[in-house]
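Below: one structure, written as structure tokens.
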Amino acid sequence: LKQSLARLHKMGRGSGAGRGAFGCCTDPYVKQLQTEGLRGPWQHTRRCTNPVMLLTFFAFCVSWVALIIYADDKGDAYRIINGVDSFGNVCGRSNSYTDGVNVNNTNLNMEDRSYLYYADPTNATAPRVCVPECPYHESTVFSSTINACTGCTDASVGSESDTCGSCAFFSTCVSPTGAGPYDLLSSVPWGQENNGCPPYTYGTKPVVGRCWPASDTYANSSVTQAGDISSGYADATNQIDYTIQLYEFFFGARYQILYSGLFALGITLVLLLILRLIVGPLVWLLIFLTVTVTIGATAMLWIEYRRVSGNIDDKEDAGGAASDAEKNNRDFYLAASVIASVFMVVLVFIIVAMRKRIKTAIAIFEEASRALGDMPALFLSPFMTYAWLLAFFVLWMYASLLILTMKEKDYDPATGYYNYVWGDDPDEDEYKFIVSYHIFAILWVSQFIIAAGNFVISGTTVSWYFTNERPKAFFDKDKNAHGHGNEGFFHAIKILLRYHLGTVAFGSLIIAIIKAIRMVLEYIDHKFGDQIERSVIAKWVMCCCKCCMWCLEKVMKYINKNAYIITCLHGHSFCQAAFVAFSDLYHNASLIFVINSVGFLIIFLCKVLISLGTGLFSYMLISSNNEGQDGNDNFGSWFIILFASFVGWLVATAFLEMYSTVVDTIALCFMEDKKYNDGSEGKEPAAGPKLRKFMVGICNVHPDLDARVIRNPSTGEVEGPFPPSNAAKDKDTKATYTYASSEV
């Protein structure tokens, strides 16, 4: 291991960023970087990377679309969307209706019957039927039949005080003697046993095409008085009412949720733009609070140890004896105090030793905020990414409905109903393969969309890093240079579509495979959970496998993100870029540690702030709308407030992850810049003024040169080429150059 790390270190000190996949030092591009320095992502001629993986991804998508077409031929999504009665008829559809023909109640025209009604929810053998509207007290169909009690097919069924109303409703809606299309007396055993009528009629509410039972809206009150509905069913209807109530809360507060989301978006954008002003004080404040809390906790532990130890000493001096519990308590506080003291010393030592790295990390975060301010088009990236994800998810869900309804309709003479069973095309084994393929599709394609979004952000930031303060003469010299303003954003999309879709497909495939393995482990744990729980070894192995796969996914996501940055900068393929990124991260481990630690704290605090602010804004909206009301729906209001806070958290996550990607990109560009641009003539660093000063002592950069471009003193615009490399040493030469902050 030591030999391998030493070899990697030696390779990284040389020309690691431009090597081939295995660090080949004969790469002409590497020699060009060593000779000319790193000017930017346009320095070399790009080529299509990972074309085989791109073709594989394309073939996978084409085959998935073919699977959807096949599922559309075999299935019907409206079976789930609209609901299916007990005879295979889809409510609200024509169902291949033939006029005047009724064969076992199937293939009936239900275009004017859009709701699925359960004849008797307490009886599993009772039919499900399609009705024109759900029965409730104010229902026209219901009230007219229950008041007149007309249309009963058999006067001997039930009594007027018990079931005549249900018979009237059922005969009007479903009996062949009334207005309904069904024949429940001649072909359905349940209908023959009950003379075509359910034992009672119950009140319902229409929800997503179904008539959901509602315990407080029974049309015939004698049903509940007679105890025909069990307490278990009553509990179930109460739960359904609770779900419907939440749905109504959400629907009624849809505008408040929308306004809260827009508010979260606004404060997120403002916070990102002002981070360049507050990130430095914020980081040092966090460090100060962390050290203060650590010192305070350590002092409290020592004080508590001294108190407990003093009590024991007092007992022993008085001739008594301390109990074992008191001694154990003293030993616990002693151990905790020592551990806290060691942690405090180590923490202070790390902060002091890494103060320069902390300053560098702060400068990188400030540069990231400046990049967002210079390129407002970057804020389009989260919208585009989530729009593609939403569109794909809608397509995937529709395809899921088709796949779930690929079974064939089969008549059961014992019940008179139709069931959906496996046929020959597809059979059950083929169906399992189709489902597995379909699940893997959402894993790969969704990761591909997310990776493409990260690639565009990285490509835009790379262009900005190498062009944000370049003089005009530089662009006149290098015609391929780009990146000023929003130009880099659209150029990043261009190079992604033209050259690097294969690289994105490769990285997303790795993450998709890892996620698929994790899903398989969860399935095994769920299916064989009882057996695994009885074996300590099996339980331990399963836990280790889950933990390892979780860690592997996190590591690979981080490596992938940095590999995309290197691809944007150097145009490498995925494996080559991943190697270079890993080499840079290895040689700058302390800086990466600080950036990730500081970044986590900043992003987490911003998420909490935005989420709480969105919740407070939602509370103010709801309070203003509910002013003067009795406040009986306080639970629903607080539920909406919590949901709005969650929406704020999601919005903050989307844009702060973009900010995190910009930070990682600038950090990696800084590492590559530091590696190849040593400050000699023609190899001036591309870093901005705040980052450039951290290259002093590493590169041949003079500490007085806090900027590298010539500006017009009155306008502040760049108007001259880079100064010669000896400008910092020659007083006469220095006097002729005006830099960003001062004349030297």
Any side-chain heavy atom of [X] within less than 4.5 Å of one from [Y]?
X    : Y    : result
F466 : L569 : yes
L275 : L272 : yes
L509 : F448 : no
E367 : F670 : no
E657 : P382 : no
W550 : R518 : yes
F655 : F383 : yes
H587 : I592 : no

What's the spacing between [X] [atom1] and [Y] [atom2] if we round to 0.5 Å?
X    : Y    : atom1 : atom2 : answer
I610 : L650 : CD1   : CG    : 11.5 Å
Q576 : T49  : CD    : OG1   : 10.0 Å
I303 : T298 : CD1   : OG1   : 11.0 Å
Y659 : F379 : OH    : CZ    : 10.5 Å
D584 : L668 : CG    : CG    : 5.0 Å
M344 : I339 : CE    : CD1   : 14.0 Å

[X] and [Y]: side-chain donor and acceptor closer than 3.5 Å?
X    : Y    : result
T665 : W464 : no
H500 : T567 : no
D673 : Y465 : yes
T503 : N50  : yes
H570 : E672 : yes

Next on the checklist: Is it the case that the side chain of R498 and the backbone of I495 share a donor-acceptor pair, with hydrogens and angles ignored and the cut-off at 3.5 Å?
Outcome noted: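 No, R498 side chain to I495 backbone: no donor-acceptor pair under 3.5 Å.
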
Checklist entry - Counting only N and O atoms by type, is there a donor-acceptor contact under 3.5 Å from the side chain of S611 to the main-chain atoms of K607? => result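 Side chain of S611 to backbone of K607: no pair is present.
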
Taking [atom1] in [X] as the centre, count heavy atoms belonging to other residues, nucleotides or ligands within less than 6.0 Å. Is the count above 12?
X    : atom1 : answer
Y619 : OH    : no
K359 : NZ    : no
W388 : CH2   : no
W284 : CH2   : yes
R306 : CZ    : no

Next on the checklist: I'd like to know whether V279 forms a side chain to side chain contact (heavy atoms under 4.5 Å, CB included) with S369, so could you lay out the CA-CA distance, the side-chain angles of the two residues, the decisive distance to 0.1 Å, and finally the verdict.
Outcome noted: CA-CA 9 Å; V279 66; S369 298; 5.7 Å; no

Minimum heavy-atom separation for [X] to [Y], with atom names?
X    : Y    : answer
C606 : L656 : CB-CD1, 3.7 Å
G280 : I362 : CA-CG2, 3.6 Å
A371 : V662 : CB-CG1, 4.3 Å
G648 : T614 : CA-OG1, 3.8 Å
G261 : V651 : O-CG2, 4.3 Å
M658 : L378 : SD-O, 3.3 Å

Checklist entry - Parallel, tilted or perpendicular: which fits the ring planes of Y305 and W302, with parallel below 30° and perpendicular above 60°? => result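 Ring orientation of Y305 relative to W302: perpendicular.
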
Item to check | Audit row: R370, E366, side chain to side chain contact (heavy atoms under 4.5 Å, CB included) steps and yes/no | outcome: CA-CA 6 Å; R370 191 160 70 94; E366 291 174 344; over 6 Å; no

Checklist entry - Between F506 and Y564, does the ring centre distance come in under 6.0 Å? => result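 No, ring centres 6.0 Å or more apart.
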
Next on the checklist: Run I510 and I514 through side chain to side chain contact (heavy atoms under 4.5 Å, CB included) and show every step you take.
Outcome noted: CA-CA 6 Å; I510 295 175; I514 296 175; 4.1 Å; yes

Item to check | Audit row: R47, Y499, side chain to side chain contact (heavy atoms under 4.5 Å, CB included) steps and yes/no | outcome: CA-CA 6 Å; R47 57 182 176 81; Y499 298 109; 5.5 Å; no

